[in-house]
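What follows is a short report on a single structure.
Whatever order the structure lists ligands and atoms in, that order sets their numbers, starting from 1. Computed from a prediction, not measured in an experiment: that's the story for all the values here. In this chain, numbering begins with 1 at the start of the sequence shown.
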Amino acid sequence: MTGSGLTDEATYDRTRIEQWRAGKALSRRGMLRLTAGGSLALTAFGSLPAGTASAAAPIVKPLPPEFFEVYGTNAETRWEALSGQGYLTPIDRFFVRNHTATPVIDAGTWRLKLFGTGLRGEPTAERPVEFTYRDLLRLPSETITSAIECAGNGRSYFASQQGQTVSGTAWKLGAIGVARWRGVRLSTVLARAGLTRHAVDVLPEGLDADYVTGGVNLGKVRRPLPVAKALQDVLLAYEMNGRPLPPDHGHPVRLVVPSWVGISSIKWLGRIEVSDKPLVSPWNTQYYRLLGPDYPAEGTVVTRQVVKSAFELPWDAEFASGGRHVLRGRSWSGNGRIRRVEVDTGDGWKPARQVGQAADRGWQQWEIPWRPKVSGAYTVRARATDITGVTQPDVAPYNTQGYLFGAIVRHPVRVV
Ligand SMILES: Nc1nc2c(c(=O)[nH]1)N[C@H]1C(S)=C(S)[C@@H](COP(=O)(O)O)O[C@H]1N2
Ligand SMILES: [Mo]
């Protein structure tokens, strides 16, 4: 089934859900449920599912308040902290999304273990094919520039703009970063591990603590990928912006799955199951599905990101009336590069000037001059259109877990 269109998310999900219903999908745990209910209660905004107890701080790097807003084990980048920065998000400002806590892993003793029925000789989890860190460094490397963005980025606007209650971390727009990742293609490692043409799914798994929520242990953070996507453009990254991958971002090795939601990019990679049968985990049956009145009962899986835009400004930014200002921001899309960006400061949509290179898997910087003459409260808005012709809508489709908020964000500013 390799290459049979399973990078197309709709096909992938339909196929997998049918197979799963027919009892053909494998789950190492019998507790998966494909409903909006299950152990997933609708929680109030800002509350977090209980993580595994950890005495140490959940995030290792410093989180200065001028760069980050912290929510429990997670921290989002403040958009004003990108003002004046270059194309890439510096590591010291890159958002962190941890289900539990950053583990500290010694690259010297670390092993990547591959096993399963999709590999030649069907190695077991007990006797896997192993790669050391040095093995990976010796394989041909590749460098890509790619965004990693949480599926819930922008979630708080379901409540503040649309009056809708959704569960999960109340991110603003800062659960995204763009970095230069260097590593080995997953396809290279899979080939060396003996990938067969019968393989259909891979299940990368993190080495961080088991994720426990609502009294249920969901095990290691893991989410399956179809082999077609795994072979397309996925990287096993060991460098971020020219430095060894830092602890919070997956040291020693993480997956980078371009264009797909952040949960795909498993950090602190430990094992990869490769299977000739479809694989499932709570991260594709329970979480990261679009559920709600407008979706089928079992929901639809979330894979590719939507088009979004943000200003490099604080909320309630102040501008001097009569002054010459430049509004700057960035737009991005899981569908590919950005074709057009427009900005409205209250008197209609005007084209913004695109700055720097266009990027398929990163973002597009842009700017537009602004000379407000009258003091008072304003709302500034930016909307982007991507290469596939999709433009940000006024309203994002509601789903109970608040994923994929792609609507135009109304950003309040003051002219004084
Ligand atoms: N092992 C592991 N991988 C993980 C996670 C995690 O908690 N554990 N979080 C995922 C989620 S939901 C996101 S959005 C990205 C965030 O990557 P970052 O923390 O490097 O920004 O990592 C993903 N990979
Ligand atoms: Mo995420």
Side-chain angles (χ1 to χ4, degrees), residues 48-52 54 58-61 63 67-77 88-105 110 112 146-155 167-171 173-181 183 203-213 218-225 234-241 243 245-272 281-284 286-289 302-303 305 334 401-405:
L48 284 160
T52 324
S54 167
I59 297 175
V60 170
K61 71 182 176 185
L63 300 170
F67 292 173
F68 291 105
E69 191 153 346
V70 179
Y71 313 91
T73 59
N74 311 303
E76 78 167 285
T77 305
L88 303 176
T89 308
I91 290 170
D92 66 358
R93 291 156 213 232
F94 203 101
F95 86 103
V96 180
R97 163 51 171 136
N98 281 350
H99 281 72
T100 63
T102 296
V104 178
I105 297 168
W110 174 88
L112 175 64
S146 176
I148 288 184
E149 180 185 17
C150 190
N153 194 24
R155 178 181 283 131
S167 61
T169 301
W171 302 110
L173 280 171
I176 180 172
V178 173
R180 225 164 139 63
W181 312 96
L203 182 56
E205 186 179 280
L207 289 166
D208 39 339
D210 286 5
Y211 180 55
V212 179
T213 181
L218 299 181
K220 298 291 186 195
V221 176
R222 62 200 189 282
R223 191 183 206 227
L225 281 173
V234 176
L235 201 66
L236 292 168
Y238 48 70
E239 260 181 41
M240 179 180 187
N241 292 347
R243 302 233 302 271
L245 201 60
D248 295 310
H249 300 290
H251 184 86
V253 175
R254 81 175 300 165
L255 231 54
V256 175
V257 181
S259 315
W260 283 30
V261 286
I263 184 61
S264 317
S265 295
I266 294 295
K267 303 193 278 189
W268 315 294
L269 192 60
R271 320 200 292 180
I272 304 179
S281 90
W283 286 268
N284 75 330
Q286 177 177 331
Y287 301 109
Y288 305 98
R289 298 190 72 80
V302 178
T303 53
Q305 291 284 9
Q401 298 179 91
Y403 297 126
L404 303 184
F405 188 92

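- Note on K220 versus E205: no salt bridge recorded, every NZ/NE/NH1/NH2 to OD/OE distance being 4.0 Å or above.
- Considering only non-hydrogen protein atoms, atom 2 (C) of ligand 1 sits nearest to D208 OD2, 3.4 Å.
- Under 4.0 angstrom from ligand 1, the non-hydrogen atoms of Y288 all belong to its side chain.
- With a 4.0 Å heavy-atom cut-off, ligand 1 is reached by no atom of Y211.
- With hydrogens left out, the protein atom closest to atom 24 (N) of ligand 1 is S265 O, 3.1 Å, a heavy atom.
- For atom 6 (C) of ligand 1, the nearest non-hydrogen atom of the protein is H99 ND1, 3.5 Å.
- Of all protein heavy atoms, the one lying nearest to atom 21 (O) of ligand 1 is F95 O, 2.7 Å.
- At under 3.5 Å, not a single nitrogen or oxygen of N98, backbone or side chain, sits near a nitrogen or oxygen of ligand 1.
- Scored by the side chain to side chain contact (heavy atoms under 4.5 Å, CB included) test, L207 finds I105, W110, W268 as partners (sequence neighbours excluded).
- At a threshold of 4.5 Å between non-hydrogen side-chain atoms, the residues L218 and D210 do not count as touching.
- For Y71 and W171, the ring centers are positioned less than 6.0 Å apart.
- Taking distance alone, with nitrogen or oxygen atoms compared against 3.5 Å, V221 stays at or beyond that limit from ligand 1.
- Figure legend: cation-pi geometry between R155 and F405 absent, as NZ or CZ is not positioned both under 6.0 Å from the six-membered ring centre and within 45° of its axis.
- Checking each of I59, V221, V60 against N98 for a side-chain contact (heavy atoms from CB on, under 4.5 Å) leaves exactly one that passes, namely I59.
- Protein heavy atom closest to atom 23 (C) of ligand 1, with residue, atom name and distance, is G262 O, 3.3 Å.
- In terms of polar-atom proximity, defined here as any N/O pair under 3.5 Å, R97 does make such a contact with ligand 1.
- When side chains are defined from C-beta on, R222 counts as touching L203, because their heavy atoms get closer than 4.5 Å.
- Contact annotation: W283 has no heavy atom less than 4.0 Å from any atom of ligand 1.
- Only the side chain of R254 comes within contact range of ligand 1, with a heavy atom under 4.0 Å; no backbone atom does.
- At the shortest separation from atom 3 (N) of ligand 1 among protein heavy atoms lies K267 N, 2.9 Å.
- Between L235 and L255 there is no side-chain heavy-atom pair separated by less than 4.5 Å.
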(request) Could you please spell out the steps behind the side-chain contact (heavy atoms from CB on, under 4.5 Å) verdict for I176 and T77? (result) CA-CA 8 Å; I176 180 172; T77 305; over 6 Å; no

